[in-house]
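In what follows, a single structure is set out as structure tokens and then discussed.
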Amino acid sequence: MRSKIIKSISAENITAGAALIYLLIIPFLVGAYKASSYTYYLTCIILTLSVTLVWGYTGIFSFGQGAFFGIGGYAYGIIMQMIGKNEWSVPVALVAVIISGLVAAMIGYFMFYGGINDVFVGLITMCITIALTTFMGQTSGEQWKIGGVSLGGYNGLSGVPSIQLGTKKLTTNGMYYFVLFIMIFIYLFLRRFLKTKEGYSLIAIRENRERSELLGYNINLTQSMVFGVGGMIAGLGGVLYASWGNYITPDSMSLASSTIPVVLVAAGGRKNATAAMIFTFIYYFISRRLSATGSQYTLVFLGLFLILVILIVPDGLLYTVFQKIDQKIKK
């Protein structure tokens with residue numbers, strides 16, 4: 001028992017524990033109003049974790065996670081407004097997540113069973129994201145309705161109901177903790193999954209797809225399933241985002257929205273869920289603080305910083321730091 005505890009002590013685990021404790025007490029530190037903005041950060045972390053699974057664990061370079069994020073949010077908002085019963089929000093949220101996953105799995109099926117991999121997956125998902133964003137931006141006319149719900153064009157879908165647990169509507173803090181617990185569950189699931197037999201198979205596919213196929217792994221099926229699950233996680237982030245802000249626009253599924261999580265995962269450490277989670281939170285926390293100052297060069301400075309991190313530390317900044325600290329401790 002003691003040896004297991006000692007083995008579990010690492011820079012990553014200590015940092016992850018401190019980060020999760022901080023997230024748990026945020027509402028008590030900043031108040032309910034400011035904690036609402038942190039809810040947005042958590043939805044972005046969920047999106048980033050989907051990139052970690054798809055790209056970091058399995059090696060599928062995708063620019064489509066933002067699109068699945070938007071599909072989940074739009075599906076939730078449209079269905080909820082069609083039904084008009086807020087107490088059904090949780091089942092509808094599950095349906096929206098499944099829709100995102102099915103769309104992702106279908107796209108993955110045609111790509112991977114069609115022999116498409118590597119950079120071409122990135123190009124195809126990029127085209128899908130651009131096409132979907134452009135289409136949704138042109139749905140402002142009265143003819144663009146689903147079940148009487150107007151899609152809104154570039155103005156987006158407004159009046160999206162908040163998630164309710166039965167008859168209890170989640171308050172500001174309630175919504176924060178609801179999203180936080182979901183984010184923690186996904187994070188812990190990904191970390192635990194990586195240590196299973198199935199998780200090792202994803203690493204094998206990432207490192208050498210041809211050799212994995214020779215060892216008997218069904219590469220196409222595995223990639224399609226992972227892509228579908230990644231779409232579900234991204235769609236869940238979109239559902240929570242739409243429920244939190246009570247709106248969703250085509251910008252939420254734009255190419256920029258799909259690119260930023262990829263860059264954050266690369267800068268933090270694409271093979272490590274903890275690095276991706278913490279780096280994403282730090283990025284959005286700093287970007288919001290700098291944006292509040294009114295500086296028009298905020299995104300330029302942040303972009304240059306991310307580029308330098310990726311060039312200087314190709315394995316990711318936080319992931320490299322974790323490794324360096326653990327190496328010094330073992331010595």
Do Trp244 and Tyr38 have ring centres separated by under 6.0 Å?
no
Can you find a heavy atom in the side chain of Ile26 that is under 4.5 Å from one in the side chain of Leu23?
yes
Run Ile260 and Tyr284 through side chain to side chain contact (heavy atoms under 4.5 Å, CB included) and show every step you take.
CA-CA 11 Å; Ile260 289 175; Tyr284 282 102; 3.6 Å; yes
Specify the closest pair of heavy atoms between Leu47 and Pro261, including all atoms of both residues, with the distance to one decimal.
CD2-CG, 3.5 Å
Distance, nearest 0.5 Å, that separates SG of Cys44 from OH of Tyr283
9.5 Å
Does a donor on one side chain sit under 3.5 Å from an acceptor on the other, for Gln164 and Ser89?
no
Quick one: does Ile46's side chain get under 4.5 Å of Tyr187's, heavy atoms only?
no
Test ring pair (Phe, Tyr, Trp, His ring centres under 6.0 Å), reference Phe227, set Tyr109, Phe68, Tyr57, output is Phe68
Donor-acceptor pair, side chain of Arg206 and main chain of Gly56, under 3.5 angstrom:
yes
Pairwise distance CG(Leu264) to CZ(Arg270) - rounded to 0.5 angstrom
15.0 Å
Tyr319-Gln323 side chain donor-acceptor pair, cut-off 3.5 Å
yes
Closest contact, heavy atoms only, Ser158 versus Gln81
O-NE2, 2.8 Å
Measure the CZ-OH distance between Arg209 and Tyr217 for me, rounded to the nearest 0.5 Å.
15.5 Å
Verdict with supporting geometry, Asn117 and Gln223, side-chain hydrogen bond (donor to acceptor under 3.5 Å, both in side chains):
CA-CA 10 Å; Asn117 269 293; Gln223 288 181 310; 3.0 Å; yes
Which Ile, Leu, Val, Met, Phe, Trp or Tyr residues join Leu102 in one cluster when any pair of side-chain heavy atoms under 4.5 Å counts as a link?
Ile98
Hey, does the side chain of Ser212 reach the backbone of Ala204 with a donor-acceptor pair shorter than 3.5 angstrom?
yes
Check whether any side-chain N or O of Ser243 sits under 3.5 Å from a backbone N or O of Leu240 as a donor-acceptor pair, and report yes or no.
no
Measure the CG-CG distance between Leu42 and Leu180 for me, rounded to the nearest 0.5 Å.
5.5 Å
Side chains of Thr274 and Phe322, heavy atoms from C-beta outward: is any pair under 4.5 Å?
yes
Is the shortest heavy-atom distance from the side chain of Leu151 to the side chain of Lys145 under 4.5 Å?
no
Do Ile45 and Phe193 belong to the same hydrophobic cluster, where Ile, Leu, Val, Met, Phe, Trp and Tyr are linked whenever their side-chain heavy atoms lie under 4.5 Å apart, directly or via other members?
yes
Give me the other members of the hydrophobic cluster that Leu214 sits in, counting Ile, Leu, Val, Met, Phe, Trp and Tyr linked by side-chain heavy atoms under 4.5 Å, directly or via other members.
none
Joint cluster assignment, Ile278 & Tyr22, ILVMFWY side-chain distance < 4.5 Å:
yes
With side chains defined as the heavy atoms from C-beta onward, is the minimum distance between Met183 and Met277 less than 4.5 Å?
yes
Is there a side-chain contact between Phe185 and Ile182 (heavy atoms, below 4.5 Å)?
no
Hey, are Glu87 and Lys169 close enough for a salt bridge, meaning a charged N less than 4.0 Å from a carboxylate O?
no
For Tyr154 and Gly137, work out which heavy atoms get closest and say how close.
CD1-O, 3.1 Å
Can you list the steps and then say if Leu221 with Tyr113 is a side chain to side chain contact (heavy atoms under 4.5 Å, CB included)?
CA-CA 8 Å; Leu221 177 62; Tyr113 279 91; 3.5 Å; yes
Please tell me if the side chains of Leu24 and Phe181 come closer than 4.5 Å, counting only heavy atoms from C-beta onward.
yes
So, does Thr52 use its side chain to make a donor-acceptor pair with the main chain of Thr48 at under 3.5 Å?
yes
If we ignore angles and hydrogens, is there a donor and acceptor under 3.5 Å between the side chains of Ser10 and Asn13?
yes
Between Phe285 and Leu29, is there a shared hydrophobic cluster once you connect ILVMFWY residues whose side-chain heavy atoms come closer than 4.5 Å?
yes
Check each of Leu94, Val97, Ile99 against Met232 using the side chain to side chain contact (heavy atoms under 4.5 Å, CB included) test, and report the only one that passes.
Val97
Would you compute the distance between atom CD of Glu198 and atom CD1 of Ile203 and round it to the nearest 0.5 angstrom?
12.0 Å
What about Ile205 and Val119, same hydrophobic cluster or not, with Ile/Leu/Val/Met/Phe/Trp/Tyr joined at side-chain heavy-atom distances under 4.5 Å?
no
When Thr129 is tested against each of Ser258, Ser62, Ser254 for side chain to side chain contact (heavy atoms under 4.5 Å, CB included), which residue passes?
Ser258
Do Ile282 and Ile25 share a hydrophobic cluster (ILVMFWY, side-chain heavy atoms under 4.5 Å, transitive)?
yes
What pair of heavy atoms forms the shortest contact from Pro161 to Asn246, and how long is it?
C-ND2, 3.9 Å
So, does Thr280 use its side chain to make a donor-acceptor pair with the main chain of Ala276 at under 3.5 Å?
yes
Kindly check if the number of other-residue, nucleotide or ligand heavy atoms within 6.0 Å of CZ (Phe110) is above 12?
no
For Ile124 against Ile116, the heavy-atom pair lying closest together:
CD1-CD1, 3.5 Å
Thr39 side chain to Met175 backbone, donor-acceptor under 3.5 Å
no
Apply side chain to side chain contact (heavy atoms under 4.5 Å, CB included) to residues Val160 and Met80 and explain how you reach the verdict.
CA-CA 7 Å; Val160 178; Met80 282 299 298; 5.8 Å; no
Could you check if a side-chain atom of Ile71 sits within less than 4.5 angstrom of a side-chain atom of Leu132, using non-hydrogen atoms only?
yes
Close aromatic pair by centroid cut-off 6.0 Å: Tyr176 and Tyr41
no
If you link ILVMFWY side chains whenever their heavy atoms are less than 4.5 Å apart, which other residues fall into the same cluster as Phe61? By chain and number, please.
Val51, Trp55, Phe63, Met126, Ile130, Leu255, Val262, Val265
Check against side chain to side chain contact (heavy atoms under 4.5 Å, CB included), Tyr40 and Thr43
CA-CA 5 Å; Tyr40 168 69; Thr43 62; 4.0 Å; yes
Please work out whether the ring planes of Tyr177 and Phe28 are parallel, tilted or perpendicular, with thresholds of 30° and 60°.
tilted
Between OH of Tyr76 and CD1 of Ile78, what distance do you get to the nearest 0.5 Å?
13.0 Å
Nearest non-hydrogen partners of Ala275 and Leu318, listed with the distance
O-CD1, 3.5 Å
Where the side chain of Gln138 meets the backbone of Gly153, is there a donor-acceptor pair that is under 3.5 Å apart?
no
